[in-house]
Amino acid sequence: MTDCIFCKIINRELPASIIHEDDHVIAFMDIQPVNPGHILVVPKVHKELIAEVDEDLTSRMFKIAAKINRAIRKSNIHSEGINYFLADGEAAGQEVFHTHLHIFPRFRNDGFGLRFSENYTQLPQREELDEICVTIKESME
Ligand code: 5GP
Ligand code: ZN
């Protein structure tokens, strides 16, 4: 895709610090890291949403993320834990519409966090969970 930042990185039209590349996946340093060591794992094929990526390629992305996870833990990059994050769609926080998996080191008091709604602490009834469970399950192939 011509105006996609990540396609431009893949095609070497924009610079990036590339940590991994094979025929199907590229991984590079995020330009605005949550913490040092923040990496994006990106399929080379231009797909907006992760569900549009075929399962083998999705598995490959997670395999590479696992390799990066181990490498971060082995390195001297400050990391007490690691987050995987994938914003799938604009409402989910996606800003670059070429699907990508974030992987970034976490440590106590690093300032990063997720914000929950006020009623998050009110747990739903089992019946509601069951109902939603069935609804989604019925849509599964
Ligand atoms: P999203 O919100 O779509 O999940 O995340 C997009 C990510 O892409 C952000 O973390 C942002 O910092 C990163 N990003 C945006 N533009 C560039 C760029 O030109 N180069 C790199 N390496 N990362 C970028
Ligand atoms: Zn793209």
Side-chain angles (χ1 to χ4, degrees), residues 1-126 128-141:
M1 231 216 188
T2 48
D3 62 349
C4 169
I5 293 169
F6 291 173
C7 284
K8 283 186 175 158
I9 287 175
I10 292 161
N11 296 328
R12 303 299 197 270
E13 292 163 33
L14 280 177
S17 303
I18 297 169
I19 194 159
H20 169 92
E21 183 169 24
D22 59 49
D23 288 348
H24 303 286
V25 177
I26 190 166
F28 48 84
M29 306 312 295
D30 195 297
I31 206 171
Q32 191 175 8
V34 166
N35 284 318
H38 185 161
I39 290 161
L40 302 173
V41 180
V42 184
K44 284 190 168 177
V45 62
H46 181 93
K47 299 284 182 191
E48 183 170 324
L49 302 174
I50 193 67
E52 296 166 355
V53 175
D54 80 52
E55 281 181 16
D56 286 348
L57 186 45
T58 310
S59 305
R60 208 179 172 91
M61 286 169 68
F62 272 87
K63 256 189 182 164
I64 289 150
K67 243 180 151 171
I68 291 167
N69 181 324
R70 287 190 287 271
I72 290 171
R73 289 175 191 276
K74 239 169 84 181
S75 75
N76 63 2
I77 301 287
H78 189 192
S79 171
E80 295 168 11
I82 291 184
N83 266 156
Y84 289 58
F85 181 77
L86 198 153
D88 201 33
E90 197 168 1
Q94 187 171 6
E95 288 179 351
V96 175
F97 296 98
H98 178 140
T99 193
H100 51 280
L101 175 64
H102 295 253
I103 173 163
F104 51 91
R106 296 295 311 279
F107 44 87
R108 261 177 293 275
N109 302 318
D110 65 9
F112 182 82
L114 296 171
R115 218 163 17 87
F116 298 102
S117 67
E118 273 175 21
N119 51 14
Y120 174 70
T121 51
Q122 292 160 17
L123 302 185
Q125 298 296 310
R126 173 64 52 199
E128 189 184 340
L129 292 176
D130 284 346
E131 202 178 304
I132 296 168
C133 177
V134 168
T135 304
I136 297 171
K137 202 170 173 182
E138 281 175 354
S139 295
M140 284 171 80
E141 284 157 25

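Everything quoted here is computed from the prediction, not taken from an experiment. Numbering of ligands and ligand atoms starts at 1, following listing order. In what follows, every heavy atom counts, from backbone to side chain, and hydrogens, waters and symmetry copies are set aside.
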*What part of Ile9, side chain from CB on, backbone N/CA/C/O, both or neither, has a heavy atom under 4.0 Å from ligand 1?*
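It is the side chain that touches ligand 1; the backbone stays farther off.
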
*Which part of Leu40 is near ligand 1, with near meaning a heavy atom under 4.0 Å away: side chain, backbone, both or neither?*
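For Leu40, the contact with ligand 1 is made by the side chain alone.
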
*Any idea how His78 and Phe107 line up, ring-wise: parallel (<30°), tilted (30 to 60°), or perpendicular (>60°)?*
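The rings of His78 and Phe107 lie parallel, inter-plane angle below 30°.
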
*How are the rings of Phe116 and Tyr120 set relative to one another: parallel (under 30°), tilted (30 to 60°) or perpendicular (over 60°)?*
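Ring orientation, 0 to 90° scale: parallel.
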
Around [atom], find the nearest protein heavy atom and jot down its residue, atom name and distance.
atom	answer
atom 19 (O) of ligand 1	Ile5 CG2, 3.3 Å
atom 9 (C) of ligand 1	Asp30 OD2, 3.4 Å
atom 5 (O) of ligand 1	His100 NE2, 3.1 Å
atom 17 (C) of ligand 1	Ile31 CG2, 3.6 Å
atom 22 (N) of ligand 1	Met29 O, 2.9 Å

Ignoring hydrogens and angles, tell me if any N or O in the side chain of [X] forms a donor-acceptor pair with the backbone of [Y] under 3.5 Å.
X	Y	answer
Asn119	Gln122	no
Gln94	Leu49	no
His98	Val96	no

*Are any of the N/O atoms in Gly93 less than 3.5 Å from those in ligand 1?*
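Looking only at distances, the answer is yes, because the N/O contact criterion of under 3.5 Å is met.
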
*Considering distance alone, does some N or O of Phe28 sit under 3.5 Å from an N or O of ligand 1?*
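No; every N/O pair is 3.5 Å or more apart.
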
*Protein N, O or S atoms less than 2.8 Å from the Zn ion (ligand 2), ignoring waters?*
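Listed by chain and number, the nearby protein N, O or S atoms are Cys4 SG, Cys7 SG, His46 ND1, His98 ND1.
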
*Would you mind reporting whether Glu21 and Lys44 have side-chain heavy atoms less than 4.5 Å apart?*
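With C-beta onward as the side chain, the pair touches.
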
*Of His102, Glu95, Glu90, His38, which has the heavy atom at the shortest distance from atom 3 (O) of ligand 1?*
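The nearest heavy atom belongs to Glu95.
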
*asked:* For Asn35 versus Arg106, what's the shortest heavy-atom pair and its separation?
replied: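 Answer, listing the atom of Asn35 first, then Arg106: ND2-CA, 4.0 Å.
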
*Candidates Val34, Asp30, Ile72 - the one meeting side chain to side chain contact (heavy atoms under 4.5 Å, CB included) with Phe104*: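 Testing each of Val34, Asp30, Ile72 against Phe104, the sole residue satisfying side chain to side chain contact (heavy atoms under 4.5 Å, CB included) is Val34.
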
_Measuring from non-hydrogen atoms of Phe97 to any atom of ligand 1, is the shortest distance under 4.0 Å?_
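Phe97: no contact with ligand 1 (<4.0 Å).
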
*List for me each residue that meets salt bridge (Lys or Arg N to Asp or Glu O under 4.0 Å) alongside Asp56, sequence neighbours excluded, and say none if there are none.*
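If we apply the salt bridge (Lys or Arg N to Asp or Glu O under 4.0 Å) test to Asp56, skipping adjacent residues, there are no hits.
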
